[in-house]
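Beneath this line is the structure, given in structure tokens, with notes to follow.
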Amino acid sequence: MDKKTVYIETSIISYLTARPSSDLLAAAWQKVTLDWWDTQRDRIDLYSL
């Protein structure tokens with residue numbers, strides 16, 4: 001099966017590379033983004049503009 005191509009915003013990358021936030025909402029977005037990245041990134045060809 002061919003991989004799908006997905007273009008992601010730079011905000012996704014910033015959630016992955018930022019220090020853990022003390023703000024509860026930002027920390028939740030960081031966790032969701034990290035979990036998605038760990039489980040899905042190998043299934044998709046990712047590009048950022």
Side-chain angles (χ1 to χ4, degrees):
M1 185 163 115
D2 291 333
K3 288 183 177 182
K4 297 201 185 275
T5 298
V6 175
Y7 292 89
I8 59 174
E9 290 185 346
T10 56
S11 60
I12 302 299
I13 297 167
S14 69
Y15 282 126
L16 292 170
T17 59
R19 291 184 179 148
S21 178
S22 60
D23 177 89
L24 190 57
L25 185 56
W29 279 115
Q30 287 175 322
K31 174 74 170 119
V32 168
T33 303
L34 183 60
D35 290 348
W36 181 89
W37 191 264
D38 287 343
T39 61
Q40 302 299 314
R41 69 175 174 196
D42 293 333
R43 299 177 59 211
I44 304 167
D45 288 328
L46 297 169
Y47 298 90
S48 180
L49 299 175

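Under the side-chain contact (heavy atoms from CB on, under 4.5 Å) criterion, V32 pairs with no residue, sequence neighbours left out.
Taking both residues in full, the closest heavy atoms of L46 and R41 are given as CD1-CB, 4.0 Å, listed atom of the first, atom of the second, then distance. A pairwise comparison of heavy atoms in K3 and D45 identifies CD-OD1, 3.3 Å as the closest pair.
Contacts classified as side chain to side chain donor-acceptor pair (under 3.5 Å) and involving residues 27-38 (residues at least two apart or in different chains) are given here: K31-D35.
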Using distance only, find each side-chain donor-acceptor pair of residues 13-21 under 3.5 Å and give its atom names and separation, not counting sequence neighbours.
residue, atom, partner, partner atom, Å
S14, OG, S11, O, 2.7
T17, OG1, I13, O, 3.1
S21, OG, D23, N, 3.0

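Summarising the hydrophobic clusters (Ile, Leu, Val, Met, Phe, Trp, Tyr; side-chain heavy atoms under 4.5 Å, direct or chained), the residues clustered with Y7 are Y47, L49.
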